[in-house]
Structure formats: structure tokens, C-alpha cells
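Structure first, then comments.
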Amino acid sequence: MAYDFRAIEPKWQKKWEEAGSFHVETDDGRPKYYCLEMFPYPSGALHMGHLRNYSIGDLTARFLRMNGYNVMYPMGFDSFGMPAENAAIKMKTHPAVWTTKNIGHMIDQLKSMGCSYDWRRIVKTFQPDYYRWNQWFFLQMLERGLAYRKHAPVNWCETCGTVLANEQVIGDGVCWRCGVPVVKRGLDQWFLRITDYADELLEYLDKLTGWPERVLTMQRNWIGRSEGVRFNIEIADTDISLEAFTTRIDTIFGITFVAIAAEHPIVNVLASRSGEAKREEILDFAARMSQRSAIERTAAGGDKMGMDTGFEAINPVNGAHVPVWIADYILMDYGTGAIMGVPAHDQRDFDFVRKFGLGVIPVVRREGEPIPDPDRMTEAAESDGVSCNSGEFDGLRTPVAIERIGKRFEEKGWGKRETQYRLRDWLISRQRYWGTPIPVVYCDKCGIVPLSEKDLPVELPLDAKIPENGGNALLGCPDWINTTCPKCGGPAKRETDTMDTFICSSWYFFRYLSPGSDGAPFRREDAEYWMPADLYIGGIEHACLHLIYARFFTKMISDLGLIPHDMREPFTGLLTQGMVIKDGAKMSKSLGNVVDPDEIIKKYGADTARLFILFASPPDRSLDWSDKGVEGANRFLNRVFRLAYDRSGQLRDAGKKRIPMGGLASDSQRGLKRLIHSTIDRVTRDIRDERQLNTAVARLMELCNGLVTYNAQDATDWALFREGVESLLLCLSPFCPHVCEELWETIGGDGILASASWPKAEGDALKVDRVSVVLQINGKLREQFEMPPGLDKDELVSRVMEREATKARVEGKEIIKVIAVPDKLVNIVVK
RNA sequence: GCCGAGGUGGCGGAAUGGUAGACGCAGCGGACUCAAAAUCCGCCGGGAUCAAACCUGUGGGGGUUCGAGUCCCCCCCUCGGCACCA
């Protein structure tokens with residue numbers, strides 16, 4: 001007989017809702033816990049990744065609630081973005097209609113999973129009462145110079161019809177959403193000065209001890225800090241100079257050329273001062289280079305392109321003249337777009353001079369070795385050593401030389417030491433309709449004019465018609481675009497770009513805390529109580545996107561004074577769940593290996609789906625989907641159901657009195673008592689300390705097996721049995737809440753499990769009567785036998801040595817050493 | 001190239017330096033049944049054997065240790081991130 005989850009699951013979902021079991025308020029009497037999950041995009045239906053994410057989160061929330069925590073566990077929808085526009089075109093509807101419908105369906109799905117959210121706190125980012133605060137934050141940043149507009153070469157995705165932030169260009173230079181290669185375009189765009197926080201974003205990674213190492217590493221790579229010297233290089237016989245950046249100022253005497261990026265503004269200056277033929281040549285080469293995509297540049301396999309401009313640069317330290325080249329391996333958007341070429345100590349420069357026949361001057365040698373012969377070098381010597389060919393700096397070890405020469409540059413006014421980051425400012429303009437309008441207008445007289453706070457929200461015109469060709473629908477809304485300038489009252493046009501949707505997800509976790517707050521994005525006292533989130537659960541794909549943006553926003557919000565100044569990080573703990581795999585590959589529509597969570601819930605129930613997911617592998621590792629495994633999980637729940645249901649009469653009659661270990665006489669009773677309490681102990685530690693949910697389930701299966709085979713006879717047996725079933729239901733309830741509630745009710749448990757207390761293991765019941773001891777000879781396992789626990793080493797050894805079997809094994813051999821580990825083993829070393 | 005995670009039965013996965021393979025899936029044998037399903041019981045890394053003792057086994061090679069899946073060194077493979085970053 002299989003239990004009727006179709007009746008049980010909705011029954012308990014309704015009961016929880018009616019009882020308001022998961023409503024939560026600020027409460028200083030209990031310790032708080034903020035359990036946060038990455039909110040979904042309302043694509044239409046939950047996928048298996050969501051099911052995994054939210055099964056882990058719901059288990060955590062329920063477990064901590066039972067352990068006396070005041071648990072914040074909210075949910076929302078990240079509801080702006082491209083798919084809604086595409087769907088609107090395809091289905092001939094409006095993004096708002098499509099999004100609203102999807103949210104409705106997904107809420108139903110989340111409820112059918114049995115998730116214990118406080119639904120009163122739902123956040124939907126496409127609603128004006130939410131996105132007005134995006135606009136508000138933008139104005140705050142604009143006022144402080146943290147938001148700015150500039151013309152820059154930016155990443156453009158043809159298929160999405162919009163620009164992208166650097167973080168949204170992934171892999172070999174493709175769009176994070178559609179996978180199509182991006183191209184560079186020069187456009188006026190809005191940026192957020194995230195680089196102002198680069199240092200802190202990097203430094204605070206060390207404080208995020210609750211984050212997985214790989215995410216910290218990914219962020220460190222992404223932010224990419226390097227210390228060096230920025231200095232001036234004069235161009236000979238001109239009044240022109242250019243800036244270069246280097247981390248190896250100690251190699252400055254080794255410059256044999258200077259290289260600049262094709263996009264460097266100085267290219268045009270140099271061209272204009274060249275003869276006509278050379279001018280053409282320079283401009284043509286620069287144009288060809290800058291048109292090449294990132295993929296072409298890197299796919300060349302390191303084969304470098306370059307061209308001599310005919311100009312010479314002067315080395316500031318020794319006045320040496322070296323040629324100035326344009327080179328394709330110099331990037332305009334890192335450092336200064338110009339480098340000092342030191343082929344002896346930089347592999348890229350080395351490859352370059354070997355191709356173009358320029359000189360090599362070694363200025364660092366290995367300690368105790370002579371200066372290498374430049375003609376015989378086969379690669380650049382990039383490691384540290386001792387300076388040479390460097391005048392007064394000869395003989396200094398590399399770190400010392402870097403320090404001394406850097407200092408000298410600052411004294412002489414040639415340059416200054418500074419830190420460079422790989423991180424770029426966050427480009428937030430999107431040429432899309434379905435996003436937060438940027439609250440500025442363009443006035444012919446006053447230029448760019450920000451709106452004032454009282455004009456917010458600037459609402460998206462909902463009557464916009466989404467163009468079939470995928471363009472920005474706002475461009476077709478003249479009534480919306482044409483407005484008046486708040487400064488001069490004259491005619492002005494609204495900004496038609498909208499904000500990157502990642503703005504929405506950068507602070508939504510603050511909004512949950514103060515639903516409906518309309519004087520501020522959230523109430524300070526709510527944030528002070530709940531933040532930072534104790535655990536944030538979601539996919540690793542956001543390591544360098546959302547998780548950096550949210551950290552940046554939190555620091556910015558702290559600097560705005562909306563939260564305390566020492567509250568600098570949003571997420572104390574981070575759990576990056578692994579992917580869901582089927583047939584050896586990540587579940588995806590394009591591979592056709594998806595399993596629909598709805599179907600699993602319909603066929604086996606939410607409890608089974610959750611149990612399988614939590615049991616099949618630890619949360620942070622990938623999970624192999626197995627239909628057979630799901631059946632196994634279902635089989636287990638049926639077993640639990642029968643265990644309690646088939647004996648419900650005896651269980652109800654058994655009463656709730658607990659008999660301590662000391663009151664139990666028989667071995668089987670003591671054994672069962674021990675099993676119950678060691679299970680509680682293990683399961684508690686697995687969940688709380690290790691987040692090893694799979695082994696916690698395994699322990700509960702063992703308890704169930706122990707109970708199933710227990711042959712209860714008298715009243716004591718039944719009281720003990722009831723204790724076992726109660727413990728099983730309590731511990732299993734965060735995993736499979738519905739069936740546990742049902743059985744709890746069936747056996748006449750007090751109240752409902754959703755608000756029950758987590759069981760405590762009794763210390764006496766964890767002690768054992770006998771231990772299994774192993775005999776090893778030379779470290780190899782030979783025998784095992786039982787002994788009373790707690791024997792000291794000598795006692796254990798003498799008892800083992802007395803055994804005839806032991807004597808037989810060591811007979812005729814010389815005993816060199818005997819090692820004893822109490823309650824574990826005796827190892828006899830013989831010759 | 002740099003950084004990170006990982007490599008254990010047929011499969012998913014367990015093992016504070018101390019009995020490798022918990023728990024589950026699959027498989028095999030049996031009970032129940034007219035039969036099947038469900039359920040229950042037993043077996044289940046490999047080798048050898050009537051059986052037991054035994055030998056062997058955690059990607060490969062060394063090392064530390066009475067004892068290594070676990071610690072150290074070298075190497076191989078898989079996955080993920082970054083990458084002409086000056």
C-alpha cells in the first residue's frame with residue numbers, strides 16, 4: 001500500500017497557511033537566522049535546479065526554526081529581463097501579462113513543494129513600488145559621483161539588441177544569455193563606479209570564511225589587483241608624452257621598445273605628425289587591429305601583430321631612445337593602453353621582438369650566475385633575481401629593486417606607484433524596454449538632468465508595443481519620451497535606456513525585511529536585526545556576476561548610511577549547490593535531458609522529490625538524476641508511513657512518557673534506545689555542522705530499519721517504540737514535512753511539527769555496553785571481537801594477549817611492539 | 001599558463017590517521033502468490049577455495065607511520081574559473 005500523498009500534501013500546506021506557521025517578525029528574544037535563496041526569474045516553471053535550491057533552503061529554515069531560531073525565509077521574483085520581451089513577441093502579449101501569469105504559476109509550484117516561506121514578504125521587481133528604489137539608488141549614486149555617463153567602447157550583443165556589462169561577457173567573449181559573440185561599439189552609456197570599491201571587495205574576501213574557496217578564488221581572479229608604477233614616457237623630438245604602467249619597474253633599464261594599443265588616442269596624434277604615406281599606413285593598421293574581435297585576437301595563438309610608428313620614446317632612467325610600436329597584444333582597457341617593452345623579462349614582449357627583430361637587454365640575472373647572453377635566450381626570464389645592467393641599482397634583489405626604483409620615480413616626479421584592477425566599472429545601460437527606467441532627462445538647454453526624488457517612480461509605460469524586430473519599445477512611446485525639464489521647464493526627452501536587471505537583484509534581500517516600506521527602500525531597524533543573511537543558497541554561475549554586484553551594493557548602502565557603517569557584507573554564509581546532471585550532462589532543454597519537477601511531484605509527491613534530491617548527493621556537489629533513485633526514496637517514505645500507520649493504535653496507547661536508559665533492562669531495549677539517540681545526535685551534527693544532508697538521511701533510514709525489525713511486546717517496548725517513531729518523524733520533518741505531519745497527527749503527537757522542537761540526544765543513551773575491538777598483526781586486520789568499553793591500554797593489551805587465538809598468531813615470533821587504541825584496536829608488531 | 005574542486009564497487013555516494021565501501025540504486029537467490037506487482041528475508045569489490053584461514057584492492061609512483069582513501073613530495077586524468085592584465 002502506498003500512502004496517499006495527493007491528499008496529505010495539500011492538506012498540510014493549507015494547515016500551515018491557515019495557522020500562519022511561517023510568518024516571522026523582528027523578535028529580539030530569540031537568535032535570528034536569515035535563510036536566503038537566489039530568487040528565480042519567472043520563466044514560466046521551476047526547473048530541477050530550483051527544486052534542489054529550495055529543498056536545501058526549506059530544510060535549513062525548518063531545521064533552524066525547530067532549533068529555536070527566529071527564521072527569516074522569504075521568496076520573490078527577479079522579473080525584469082529579455083525573455084519576457086521575447087515571449088511577448090511570440091505569444092502576442094505584453095511582458096507584464098506574461099510575467100504576472102508565470103509568477104502565479106511558480107508560486108503554486110513553490111507551495112506544492114511545501115516551502116515554508118513567509119509569503120507576505122514577496123518581492124516582484126517589475127512592480128513600481130520595487131523599482132522606484134532602483135531609481136532612488138541611482139540618483140543617490142549620481143549625486144555622489146558613483147553613477148556617471150561616458151562614451152566608451154562597450155560590449156554589444158546583436159541578438160539581444162543591447163550592451164552588456166563585462167561580467168555578462170563570458171567564455172570566449174560571448175553573451176551570458178544567448179551565447180552569441182559580442183562586438184565592440186562606441187556608445188554613451190551609464191556606468192556605476194564599482195571600481196571605487198575594488199580594493200574593499202578584494203580585501204573583504206578574506207573575511208568571508210563561510211564562503212566556498214572556489215567562489216573566493218573566482219572573485220579574486222575577477223577583481224585582479226596588481227601593484228605597480230604609472231610613469232611618463234616622452235616621445236623624442238616632440239612635445240608628446242604617454243603614460244605606461246608596469247608591475248616590474250625594476251626592469252626599466254631593459255626597455256627595447258614601447259608598445260601602444262591600436263585604440264590609443266595617441267595613435268591619431270602620431271599619425272598626424274607623420275608624412276602622408278606613413279600616416280595612411282598607421283591609421284590603416286590601427287583600424288584593422290581595433291576591428292578584430294576578442295576571439296580573433298586570442299585565437300591567433302600568441303602570434304603577435306605590430307607596426308613601427310617611426311617615432312622614438314625616451315627611457316626616463318637613462319635617456320635611451322627606443323622605437324614606438326603599435327601592437328595588437330596591448331589592450332586599451334587595461335592599465336594605460338601603453339607598455340614598456342622589456343623582452344628579456346616578459347614573455348609576450350620576448351615573442352614580439354623575436355618576430356620583429358628588436359633587441360633584448362637582460363637586466364635581471366639569477367643570483368650567483370652571470371648575466372645571460374641575450375642572443376642565446378630562448379624565453380623571457382620572468383622570475384625574481386638580482387638587478388644588473390641597471391646602473392646604481394645593480395645587485396639589488398628584485399623586490400628591493402622594485403621598491404627603490406619606484407621610490408626614485410616618485411622623488412623625481414617621473415611617475416607614481418598605484419594599484420591597478422582588472423575589474424571595470426559596471427555598465428548598467430540596456431537598450432531594452434522591460435527594465436527599470438533610468439530617471440534622467442535630456443534637455444537641450446540644461447543637458448543631462450536627474451529627476452528629483454518626488455518624481456519617482458518613473459513608471460514604464462505599460463501601453464508600449466513591443467516591436468517585432470526586437471528593438472526597444474520605449475522608442476515608440478513619444479508621449480512618454482517627451483517631457484519637461486525639471487530644471488528649466490523647457491522641453492526635454494527621457495532616457496530610453498533601462499537598467500541592467502542585475503540592479504534589481506543587488507538589494508532585493510533588504511526589501512524582504514521591510515515589505516511595503518514606502519519612505520525608504522527598507523527600514524533601518526529591520527536590516528539591523530536581520531542582516532547580514534546567514535546563509536545564501538544558489539548556483540555558482542553567479543560567482544562573478546550577482547555576488548559581486550550585491551556585495552558592491554551593500555557597501556554602497558552602508559556608505560549612504562542606511563545601515564551601520566560596519567555592516568559591509570550581505571552574506572555571511574554561501575552555499576553553492578551543484579548542478580543537476582542527467583545522462584552525464586547538465587539538465588538542459590537543448591540536450592533534451594530535463595526532468596520536470598511538476599511531473600515528479602505529481603507522480604511521487606513533493607516529499608519524495610525533496611528526499612531524493614537531498615539524499616542523492618551532498619548539496620555542494622553535482623547531483624546525478626536517477627529515476628530509480630526517486631523510486632527508492634518513495635519506497636522509504638512508504639516504509640516510514642507503514643511503520644507508524646500500521647501500529648497507530650499501539651503508538652497512541654503507548655503514551656508519551658520517556659524511559660531513561662537506566663530504566664531499560666533488556667539488551668534489545670537498550671540497543672533500540674541507543675539507536676534512537678545516536679541517530680538524533682548524528683543527524684543533528686550532519687545538518688548543523690557539516691551540511692551533510694545525504695548522510696543525515698542515511699542515518700534516518702537506519703533508524704527506520706531498526707524500528708521496522710523491532711519486535712515490541714510489553715508496555716516498555718511500546719513506549720520505547722513510540723519514542724523512536726517520534727524521533728524519526730521530528731528529524732525527518734525538515735526533509736519531508738507533509739508525510740511527517742500526517743503521521744505525527746496519526747500517532748497523536750502534540751501540536752504540529754512545523755512548530756515543534758528539535759529532539760535532544762540523551763547523553764546516557766549514547767554510551768555503549770560493548771565495543772568492537774580489532775586485532776592487527778603488523779598493521780593488517782586479523783580478527784575482531786567484543787570487549788567492554790573504557791578499558792585502558794594496558795588492560796586492553798593484557799586481555800587480548802590472554803586469548804588463545806592471539807597466542808596462536810604470535811607463536812614463534814618475536815614481538816617488537818604492541819600498540820593499543822582504547823575501544824578500537826590492538827596492533828602487534830612481530831618479526 | 002595561473003588558480004580552484006575532484007578521481008573510492010556495476011551506479012549515486014560513506015569513512016575525527018585505526019575494521020574501506022555506511023545508506024541507497026541496480027543485480028542475484030529465496031519466501032509470499034495460481035501468477036505478477038507490492039512486501040519481507042538473504043547475498044552482493046576482485047582473486048583463490050568444498051569451506052575457512054588467505055591474497056589483493058580507494059587514478060599512478062615515492063615517502064612519513066606500528067598503521068595511510070585520509071598526512072608529505074612528484075606525476076596523470078576529469079570538471080570549473082581566469083588568461084597577450086603589462
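In what follows, chains carry the letters A, B, and so on, assigned in the order in which the sequence lines appear, proteins first and then strands, with residues in each chain numbered from 1.
- In this structure, A:Glu795 does not pair ionically with A:Lys793, as no charged nitrogen and carboxylate oxygen lie closer than 4.0 Å.
- In this structure, A:Lys304 is not positioned above the aromatic face of A:Phe352 in the sense of NZ or CZ being under 6.0 Å from the six-membered ring centre and within 45° of the axis.
- Among B:G4, B:G18, B:G13, the nucleotide with an atom closest to any side-chain atom of A:Arg214 is B:G4.
- Remark: the separation of the C1' atoms in B:A5 and B:G59 is 16 Å, to the nearest Å.
- Among the protein residues, A:Arg782 comes within range of the sugar-phosphate backbone only, with heavy atoms under 4.0 Å from sugar or phosphate atoms but none that close to a base.
- In the set B:G18, B:U19, B:A86, the nucleotide with an atom closest to the side chain of A:Leu781 is B:U19.
- The separation of B:C84 from B:U16, taken at their P atoms, amounts to 42 Å, rounded to a whole angstrom.
- Regarding the sugar-base torsion, B:G9 falls in the syn class, its angle being within 90° of 0.
- Side chain of A:Asn221, nearest nucleotide from B:A14, B:C82, B:A26: B:C82.
- If you take atom P in B:G6 and the same atom in B:A14, they sit 11 Å apart, rounded to whole Å.
- If you check B:C82, B:A86, B:G18 against the side chain of A:Trp222, the one that comes closest is B:C82.
- For A:Tyr645 and A:Tyr3, the distance between ring centers is not under 6.0 angstrom.
- A distance of about 14 Å separates the C1' atoms of B:U70 and B:U64, rounded to the whole Å.
- Residue A:Glu702 is classed as a sugar-phosphate contact, given heavy-atom separations below 4.0 Å to backbone atoms only.
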